[in-house]
Amino acid sequence: YQFTRAITRRPAASVVNGLRAEDIGTPDLEQMLKDHAHYVATLKSTGAEVIELPPLDDFADALFVEDTALCLPQGAVLMRPGAPSRMGEVAEMAPTLRSAVAEIREISGPGHIEGGDILVTGREILVGRSARTDAEGVKELAAIVSDWGHQLREVFTPPGVLHFKTDCSLLDGETILSTERLDASGCFQRYRVIHTAPGEEACANTIRFNDLVLMPAGFPKTADILDKAGFSVVQINNSECAKLDGGMSCLSLRF
Ligand code: CIR
């Protein structure tokens, strides 16, 4: 699948107040802006158009646009984040999507679901229940995507892991990069799975964008594994987003 577009949002100064499971330091805005610019430039280098939205100071986590919507060839589904402080980000994203895609549907609740818990593969949509995504949210999404001809399978995010995709990513239609702990749950049985190197679990959240795989810098063993498997890897510094549990997929909507 070739992506022609992506949507990103520049981090705001308020990003220092972003949600985090554990406080390992305050993100440095200057460094984060540099990394974000590298990320956007890398997406553009594949020939895609990148819609760059302005910072939103009212929403500290708004740069993690992936959680606000699911983009499919048929249209986009607006999410309903499980983090109360992130609910308002959806209305901020909606107008951009309305003018960019053919059809918009929305999760109207009462359930919750965030884009970080959704992995779209070549044959199905996997959704991991998590602290942010509940059974009702998954059920509502299942009904919407089945109407668009997609199969949805509910799986589970390991305890203590923020999102399903914190621990996995799609490298091509049937190849998944996963941590061993997530793969051990059996959810990828029908796929070819490449494991992150021991001790490098924090790099499982990568993205395949056209001919490139964008991965966080600083995980040399996994980078080498991907390189040897034939992927063109671009490493992007992620030290600041990592302080907020964010990785490569969170920073864009791709379609
Ligand atoms: C949050 O806790 O919601 C943000 N600090 C990080 C969101 C990361 N998003 C993603 O993995 N899709």
Side-chain angles (χ1 to χ4, degrees), residues 6-29 32 35-36 39 43 53 55-71 76-90 92-93 107 112-120 125-134 137-138 141 155-170 176-179 182 196 201-209 214-216 236 238-255:
I7 301 175
T8 62
R9 185 183 292 284
R10 260 193 300 283
S14 63
V15 75
V16 294
N17 301 318
L19 296 174
R20 65 208 78 178
E22 202 188 321
D23 202 347
I24 54 164
T26 305
D28 178 281
L29 179 64
M32 194 186 267
D35 301 339
H36 198 262
Y39 179 90
L43 297 180
L53 300 176
L56 275 183
D57 220 39
D58 287 350
F59 297 99
D61 287 293
L63 71 160
F64 302 120
V65 289
E66 172 177 64
D67 295 316
T68 64
L70 171 67
C71 294
V77 184
L78 299 175
M79 298 284 113
R80 195 161 181 273
S85 67
R86 302 199 57 193
M87 280 264 209
E89 292 175 31
V90 179
E92 298 286 347
M93 177 57 70
I107 303 293
H112 295 93
I113 181 163
E114 297 190 354
D117 282 314
I118 308 175
L119 184 76
V120 181
I125 298 175
L126 288 164
V127 186
R129 292 247 303 262
S130 70
R132 302 285 180 84
T133 293
D134 56 28
V138 178
L141 181 67
V155 291
F156 292 86
T157 302
V161 175
L162 174 61
H163 285 127
F164 183 62
K165 273 189 297 187
T166 304
D167 266 32
C168 67
S169 14
L170 187 77
I176 286 167
L177 175 69
S178 174
T179 60
L182 176 59
T196 50
E201 289 73 16
C203 75
N205 180 270
T206 69
I207 53 168
R208 191 283 300 180
F209 193 75
L214 283 70
M215 74 173 282
I236 299 192
N238 191 52
S239 55
E240 307 317 299
C241 287
K243 292 173 184 164
L244 303 177
D245 310 316
M248 295 293 113
S249 75
C250 336
L251 295 172
S252 59
L253 283 168
R254 303 161 295 278
F255 51 105

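The shown structure was predicted, so the numbers you read here are calculated from the model rather than taken from an experiment. Indexing begins at 1, ligand by ligand and atom by atom, following the structure's order.
With rounding to the nearest 0.5 Å, the separation of CG in D23 from CG in L244 is 9.0 Å. Rounding to the nearest 0.5 Å places CG of D61 at 12.5 Å from CZ of R9.
The shortest distance between side-chain heavy atoms of E240 and V15 does not fall below 4.5 Å. At a threshold of 4.5 Å between non-hydrogen side-chain atoms, the residues D67 and M79 do not count as touching. Using a 4.5 Å heavy-atom cutoff, the side chains of D245 and T166 are not in contact. The shortest side-chain heavy-atom distance between C241 and D35 does not fall under the 4.5 Å cut-off.
Using a 4.0 Å cutoff on heavy atoms, H163 counts as a contact of ligand 1. Heavy-atom separations between R132 and ligand 1 include at least one value shorter than 4.0 Å. Heavy atoms of D61 come nearer than 4.0 angstrom to ligand 1 in at least one pair.
The protein heavy-atom contact nearest to atom 10 (C) of ligand 1 is C250 SG, 2.9 Å. Protein heavy atom in closest approach to atom 9 (N) of ligand 1: D67 OD2, 2.8 Å.
Residue L19 has at least one N or O atom closer than 3.5 Å to an N or O atom of ligand 1.
Within ligand 1, counting atoms from 1 as listed, the ones closer than 4.0 Å to a heavy atom of L244 are 4 (C), 5 (N), 6 (C).
Around atom 3 (O) of ligand 1, the closest heavy atom drawn from R86, E66, K243 belongs to R86.
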